[in-house]
Structure formats: C-alpha cells, structure tokens
Amino acid sequence: MKVPVKIYANEALLEKMQQDRTISQAINVSKLPGIRKFSMVMPDGHEGYGFPIGGVAAFGEDGVISPGGVGYDINCGVRLVRTNLTMAEIKPKLNALLDSMYRNVPSGLGSSSGFRFNMTALDDITKEGVRWAVENGYAIEDDFEYCEENGSIAGADPSKVSKEAKSRGGKQLGSLGSGNHFLEIEAVDRVFDERSAKRMGIVRQGQILVLIHTGSRGYGHQTCSDYLQKMESASHRYNIDLPDRELAAVPVTSREGEDYISAMRSAANFAWVNRQLITHMVRKSFGVINSDFEKLDMKLIYDVAHNIAKKEEHMVDGENQTLYVHRKGATRAFGAGSKFIPQEYRDIGQPVLIPGSMGTASYVMLGQSGNDTLSFGSAAHGAGRFMSRSSARRRYPYEGLMSDLRRRGIQVRAASTDTVTEEAPGAYKDVDVVAEVTEMAGLAKRVARLIPIGVVKG
DNA sequence: ATGTTC
C-alpha cells in the first residue's frame, strides 16, 4: 500500500462493508501509482467493478487514470428542481402528473427518446454540454449556473468516442434508463438549516421538489467498455502493477490516458444534457398542474455528478498540487468559499444531493469547510446497495411491494416489474444513517430531508 | 449502470 485506506462509517456500515470486497478493493486502489494521501470509502460504500462504489482516490500528474475509478455510467448524477407547490395542491393531481411524466420521459432498459440528433449535433452537444441546451431552447440561463462544471466540462473531445458509443447513445439522449435511475416527486419533510434552505428556495415543509437521477446511458457505458479494453494491454505496456485486472489504469499523461479523459468528459457532457432534456420534459409535464408551468418557479437548485474523475487543485504535503480526483459513487462536496460554487451558494457551501432508494427519504446537504483536507472535498452519493439484485427480487415480490408503497402514500410508474423489486427500499442501506454519518464525519451537513410521494422508474 | 454473456 502506498497510502492508508480511510473509511468513513459507523460500526453498522463498516460491518456491512466487511461482508463484501469493499475494503479489499480500497486496499487495491491504495497500491496504484501516484495516489495521494488516502484511498477512501464514503459511508455508503460497497463493492464495485475494480474500485469500490463510494470510492474516492486522487492521483498526481505522475499517477494514473482508471475507468474503473469512474464507473460504467460516466457522470451518473442527480439534480433537484424546486416548485412553489405544496403537498395539498399537488395531491389531487398527482396521478395525472405521474402519467404525464411517464409518458413524456422514455424509461426502461434500451429506451430511446423522442429527440433525434444527427452525429454532428451529438458531437456539438457532447463538446458543449448544458451550454448547448441553453442555446437551443432546452434550458434557461439559470440551469447552466446551477450545474457542477456548469454542465459543460471543458476538454471534451468526441473524436475520442467510438462510433458505436455514439450510435447507441444518440437515440437515448433524453431518456431515463433503468436500474436505480428515477424521477421522483418529493415533499419537504424536515428542514435542518432554515437559512441555507431558503437560499435554495426551500421555504416550507410540504413544499414539492423534483429529483432526477440518471446518467450517460449507452454512450457512457460503451465508452467505459471501449477504454477498459484498450487499457488492459496498455497497463502492461506502461509496466503498471495491477493488483486486480479490473483496475486497468494508464498514466494520466499517456496518449491512452489523455484520450480516455477526453472521451469521459464527452460522456459527462452527454449525461448533463440528458438530465437537462429530462428537466425540460418534466417542466412541460407540470402543465397538467398549471397550464403555465413558468408560474411554478421550477428552478434548478443544483446538479451533481457522482461518477467522474476531475482535474482539481488540492493541498498535499503543504503544496498545491494538480490531482485527478476519481469519485465513483461519491459526490463533490466543496465547502463555502470555493470559486467552483455558484455565487448564490458561495457562502454556504456546495449543495450535495443524496438520493435514497425508491420509497425512502433523500437529503439535501452542503459541503462543509475543512472537507478539502478530509476527503479532497467529497461526500456520499446515496443510500448504497445492501442486498444483491437477485436477492431483492426473491425477497420482495412485486404486488406486495407495490401495495406497501401505496399504503405509505407513494405512487409508482415503472417500465419493468423486476426493476421495482430490485430497487425495493429494503435492498438498500438506511439513507438517514448515511446522511448522519456524512455529517458527523465533517464531510457535508444536512439542510433538508425529502420524502417521495411519486416515483417514475425505468 | 448496460441492446444485463458482442
């Protein structure tokens, strides 16, 4: 090990991590060339491909970049949109709203969207990200302001993305996908920090918000696969000693490394535009509540990436260093004062969105000052899976699960019964515990707890 | 996560 492994957990979360390969995977990561300070696991960590999910690792310019440290779903992430509606106003129209959202936003495995972009347009989109969406009428100016990286990460080069990735992804831009991806109608359940909540336009208990969780679909998946394959042989060529072949990695300064970074950034912009197009359709869907949805104040609160590697400056051994921070199932969580936080939030910290599993709470948090030293400014990304998909399917039969959710006041629209059972609340860790541990560790602090009243799933 | 073993 070149650096220690640091795990943020309480006893129960740690015990769970000890039952799969989470910790041995974090140890493997700690052996990679050029790693700085720690190989880390966030409180929601569990076993993943090569790197643990919930893993954070930063490499210097003498170090490596690894697709396994980003994940298959490049820039999988979450965005939160507010409304000025209350629970009482929306309740009578909730079914119509969910039907409208389910109709307007294609979901499910292999789903394609109603948008059609040719290859030139797709390349422009992945170069420019949300800036393209603003210029083409799919976003308002504020949407750009309230995305991490403005939803437009620099250095994307779609010529480094395969034709296959483009042809898979092109028809999927503006679709939700499957697995744990969702659209959720949330009601504010509890506010922990009124001043900060107000800054985000969260002003009362029972206020309705919309949470959108999806990523780069087949475009990012194919890009990850392509580069894992290329790097497997390249890793050997650069004499990188891999403790696990799933950790395929190359020097950040190598041709293969630079190509992957350019392709990954293209996929990241794809994901931001995907969440943006879905936002556009969600806003339109609210037409069933008010024919003029612009009266509903549906502003973007924030959009975070939780599967990405970012070039950032951090203090290491008393000097400012350029690092490639891999966050896989982990959220950037910069504290107050960072110039990378929108002006409106700069004195309170970067919003961190922690979605729970279907039917459980989600959290709005803020990056804490001092987090930079602790975790390169990172926090958890969700509840974290507790049970395998197959176990969840066996344990939670569809009909019983649906009636249980209905009893708790949660309406569900889903493309697949298997997806619903695989995503049963019991298949995940307790998000309340993850949020509490994240706060106690000094990574991010709780601002608001949200509870779902309507869910659209793939 | 994913045209879920192209």
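Protein chains get the first letters and strands the later ones, always in sequence-line order, with residue 1 at the start of each. Here the structure is a predicted model, which is why all the values come from computation and not from measurement.
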Under 3.5 Å, sequence neighbours excluded: what are the donor-acceptor pairs made by side chains of residues 351-361 of chain A?
| residue | atom | partner | partner atom | Å |
| --- | --- | --- | --- | --- |
| A/S357 | OG | A/T360 | OG1 | 3.2 |
| A/T360 | OG1 | A/S357 | N | 3.0 |
| A/T360 | OG1 | A/S357 | O | 2.8 |

Using whole Å, report how far CG of A/N75 lies from P of B/dT2.
13 Å
Between the CZ atom in A/F38 and the CG atom in A/L374, the distance rounded to the nearest 0.5 Å is 8.5 Å
Within this structure, what is the CG-to-P distance between A/D418 and B/dT2, rounded to whole angstrom?
15 Å
What integer distance in Å separates A/D73:CG from B/dT2:P?
6 Å
Counting any heavy atom closer than 4.0 Å, what does A/G179 reach on the DNA or RNA strands: base, sugar-phosphate only, or nothing?
sugar-phosphate
In terms of side-chain geometry, is the basic nitrogen of A/R449 or A/D432 positioned less than 4.0 Å from the acidic oxygen of its partner?
yes
Touch class at under 4.0 angstrom, heavy-atom based, for A/S178 against every strand present:
sugar-phosphate
Rounding to a whole Å, what distance do you find between A/K457:NZ and B/dT2:C1'?
15 Å
Select base, sugar-phosphate, or nothing to describe what A/R389 touches, counting heavy atoms under 4.0 Å on all strands.
sugar-phosphate
Expressed as a whole number of angstroms, how long is the span from A/H213:NE2 to B/dT2:P?
10 Å
Tell me: CG of A/L228 to C1' of B/dC6, nearest whole Å?
15 Å
So what does A/Q172 hit on the nucleic acid, given a heavy-atom distance under 4.0 Å: a base, only sugar-phosphate, or nothing?
sugar-phosphate
Tell me: CD of A/Q222 to P of B/dT2, nearest whole Å?
13 Å
When rounded to whole Å, the CD to P distance for the pair A/E423 and B/dT2 reads 11 Å
For A/N118, I'd like to know if atom CG has over 12 heavy atoms of other residues, nucleotides or ligands within 6.0 Å.
yes
